[in-house]
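Chain letters run A, B, ... following the sequence lines, proteins first, then strands; residues in each count from 1. Note that the coordinates shown come from a computational prediction; the quantities given were computed from them, not determined experimentally.
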Amino acid sequence: MNILANLNPAQREAAEAISGPVLILAGPGSGKTRVITHRVAYLIKTCGVSPRSIMAVTFTNKAAREMEERLINLVSGSVQDLTLGTFHAICVRILRTSGTVANIDPQFVIYDREDQISVVKRSIQEADFDPKQYAPGAIIAAISSAKSRMLSPVEFVKTERNYFDEVVSRVYENYQRILEESNALDFDDLLMKTVLLFRDYPDILARYQSRYVHLMVDEFQDTNLVQYELIKQIGGKYRNICVVGDPDQSIYSWRFADVRNILNFEKDYPDVRVVLLEENYRSTKTILETASCIISANQQRKPVNLWTQNDEGTSTVVVETYTEQEEAQFVVSEIERLVEQGEHTLGEYAVMYRTNAQSRVLEEAFVRYGMPYKLVAGTRFYERREVKDIIAYLRLIQNPHDSVSLMRVINVPQRGIGQQTQLKLAAWAKSMGVSQFEALTRMNGESIDNLKSPFNSHISRVLKVFSELMEELISRSKELKLTELFDLVVERSGYKEYILNEVSGDGQERWENILELRSVAQKDYGDLSPQECLAAFLEEVTLVSDVDGLDESFSAVTLITLHQAKGLEFPVVFIAGMEDGLLPHFRTFDDPMQMEEERRLCYVGVTRAKQHVYLVRAFRRSLMGRSQVSEPSRFLNDIPKHLISTGDWKDGSENAVFPSIQTWNKPAATSTPTAVVSEYQAGDHVYHAQFGQGVVVSCHPVKNDAEIVIAFNGAVKKLLLSFANLEKTD
DNA sequence: CGAAAGGCTCTTTTT
DNA sequence: GAGCCTTTCG
């Protein structure tokens, strides 16, 4: 059987070009993923290349997982030895296995954004700057920018151009020192340290170069210079490098991704073979034309010729509502209307938006209607306080030098180790030149250079209890299975008791999040040693991307940011918040380059759709508390009138009177008497028409109604009692 | 030391 | 409208 039989000529050319550098410029919906997977399958099956010799880089872990699944089907065999994952995940593996020579302790932990903020704050203070004067975010961005150019603190100093740079360089110096002392790497370090490792140790690079005969990189338009360099290094021997991208979908320049990588690729590899994928298989002609008109207004771009054999399809629907609440109601009721007409199932709808803040109002509407939805990374699971606390304990066990985690949990639950004590501990450790944890272990024993412990006997005892707790956990971690260790941590730290007795009353919910984290730890990590399991678990929870958690096992409307939507497709797409100030975002108004990126973002959104696109906006919207009036998105002006319909719910005139909510709403909310509330109690079994069987977690009155939280199979939902239409069951 | 209360500033997008 | 920080009091 010919693996490439079902590809069109251009796709086949791209898949067959296995030697030398290849650049695939793939428009949206042109079967890019298909080409990549078939290319790998072709290498393995037809050309007899060992999976071990292939590295394929994807943008998210989800994309990697899907590619693996498809490959298993295509090659009907194991692809275990294939190196497949994100740049970050691949670099972690390289650094853990080969980094020791470059002084990288394989037990390193990875600092995420929140950890970075905490380190930057400390760094600002240590540099004697006013922490209120400099936004940690801005400094992190500057440091990240430096690392994306592979500048160490020392090298960064030489590039200083203004006072802010000077501030940054001094903070950067502290920041990097704290990371080193903590045996921690941030996201940028993972990439940069790998490139430096290869640069400084050619023999190690040579090993990887010989192994990876074939390299492939997806979403190449969103790679940064370090990632480019890494590919150049590893592919240096065989030069069989295939990169796939679309400049029109470059939307991560704020993360220092650089589209110029595509141009440079053609320069660095003059013998490159360029393949254009221009036939779109995803969208209707109308959708494709709408998208083309939006993107064509960009100045900095080469024209491309996208086309499709698909039908004309329906008009692009442009809708204006009065407020963002009505916008949300329109979206939900429109979906309901379409579903009732038999147009697609709920899982085939997506609602996209520019900012995460927009999701809340949308979510509320879905809850009120009792319509199932999935919010991609709503209040991101791994960023929740209780989840991060437990992760911090586990990180501390893996790597006791991790000062951010230490400071996070040393007094959670409260152990009487307050801020003053923590500051003293930090200062004492610094004076001895050891990590804070090491200082703790010296509480009673000998101190270095006669630097005696600064604590009184009471505090000393409290600190000793904590350090003994950690030492016990560390020693048990060497023999216990991951879930056993997890349970031990939660019990012995006192965290379980602490969280369940929270005064705020959401202790139960937080505890359930911890149990959910535990279920991740429960998964099969193969036959790794306890230490390796712990490392694998921590790596997984740090490098997850939000879309990775997108659950496709049940049918519900997807709520997602435009950035997260990249690479996905849905039959029906709503883009909410089509307003100047939101899309394009007002922070981009004074920068033409950024403005072009906003346009690309809009293009990405529209091109996700297969059948129908709705562009929705609200006339009035509250932003940061204030209610503001906004103009329609300037991008709407670029869509020719003949592609648009404004829907029949509005009379079309500029000053239309907006229909009252009731015209699209379900029957008005009949207020539920408070007495009914007590009808439901935690533990009751109930039935819901869409979610099925569930158990009541909590129920409390709000205004004339009640908010009821129910655990359904696999998902916990918060519903408004009057809309939920519950049936009590036994 | 810790809990509670009040005041402050933001909010783009994320591996 | 929320999360973070500071202040205040016990």
Figure out the [atom1]/[atom2] separation between [X] and [N], and round it to whole Å.
{"X": "A/Gln414", "N": "B/dA4", "atom1": "CD", "atom2": "P", "result": "10 Å"}
{"X": "A/Asn61", "N": "B/dT14", "atom1": "CG", "atom2": "C1'", "result": "13 Å"}
{"X": "A/Lys566", "N": "B/dT15", "atom1": "NZ", "atom2": "P", "result": "10 Å"}
{"X": "A/Tyr111", "N": "B/dT15", "atom1": "OH", "atom2": "P", "result": "20 Å"}
{"X": "A/His563", "N": "B/dT13", "atom1": "NE2", "atom2": "C1'", "result": "4 Å"}
{"X": "A/Ile140", "N": "B/dT13", "atom1": "CD1", "atom2": "P", "result": "15 Å"}
{"X": "A/Leu543", "N": "B/dT15", "atom1": "CG", "atom2": "C1'", "result": "8 Å"}
{"X": "A/Ile251", "N": "B/dT15", "atom1": "CD1", "atom2": "P", "result": "11 Å"}

Would one find a side-chain N or O of [X] under 4.0 angstrom from OP1 or OP2 of [N]?
{"X": "A/Thr60", "N": "B/dT15", "value": "no"}
{"X": "A/Ser622", "N": "C/dG1", "value": "no"}
{"X": "A/Gln564", "N": "B/dT14", "value": "yes"}
{"X": "A/Asn356", "N": "B/dT11", "value": "no"}
{"X": "A/Arg360", "N": "C/dG1", "value": "yes"}

Using a heavy-atom cut-off of 4.0 Å across all strands, would you classify [X] as base, sugar-phosphate, or nothing?
{"X": "A/Thr542", "answer": "nothing"}
{"X": "A/Gln594", "answer": "base"}
{"X": "A/Asn411", "answer": "sugar-phosphate"}

Q: When you get a sec, tell me which of C/dG1, B/dT15, B/dT13 is the closest nucleotide to the side chain of A/His88?
A: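 Minimum distance to the A/His88 side chain belongs to B/dT15.
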
(Q) Using heavy-atom distances to pick each residue's nearest nucleotide on DNA chain B, tell me which of A/His585 and A/Phe87 is more 5'. (A)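 Counting from the 5' end, the first nearest nucleotide belongs to A/His585.
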
Q | 5' precedence on DNA chain B between A/Arg415 and A/Glu598 (nearest-nucleotide basis) | A |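 Its nearest nucleotide lies further toward 5', so the answer is A/Arg415.
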
Q) Near A/Arg93 CZ, under 6.0 Å, is it more than 12 heavy atoms from other residues, nucleotides or ligands? A)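 More than 12 within 6.0 Å, yes.
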
Q. Can you tell me if A/Arg96 uses its side chain to pair, donor with acceptor, with the backbone of A/Pro106 under 3.5 Å?
A.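 Indeed, once roles are kept as given, a pair shorter than 3.5 Å links the two residues.
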
Q | Residue among A/Arg617, A/Arg634, A/Arg621 satisfying side chain to side chain donor-acceptor pair (under 3.5 Å) with A/Glu579 | A |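 Only one option passes, and that is A/Arg621.
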
Q: Using the P atom as the reference point in each nucleotide, state the distance between B/dT13 and C/dC4 in Å, no decimals.
A: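 It comes out at 16 Å once rounded to the nearest Å.
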
Q | Sub-6.0 Å ring centroid separation between A/Phe220 and A/Phe265 | A |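 Under 6.0 Å, so yes.
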
Q. Between A/Phe187 and A/Phe87, does the ring centre distance come in under 6.0 Å?
A.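 No, they do not, as the ring centres are separated by 6.0 Å or more.
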
Q.
Over 60° means perpendicular and under 30° means parallel, so tell me whether A/Tyr252 and A/Trp254 are parallel, tilted or perpendicular.
A.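 A/Tyr252 and A/Trp254: tilted rings.
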
(Q) Could you identify the nucleotide paired to B/dT13, looking across every strand shown and requiring Watson-Crick or G-U wobble geometry with both distances under 3.5 Å? (A)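 Answer to the pairing question: none, since B/dT13 forms no Watson-Crick or G-U pair.
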
Q) Given that both distances must come in under 3.5 Å, which nucleotide forms a Watson-Crick or G-U wobble pair with B/dC1? A)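 By the stated definition (distances under 3.5 Å), C/dG10 pairs with B/dC1.
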
Q: Indicate whether A/Trp254 forms a stack on B/dT13; treat it as stacked only if centroid distance is below 5.5 angstrom and interplanar angle below 30 degrees.
A: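 Check passed, A/Trp254 stacks on base of B/dT13.
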
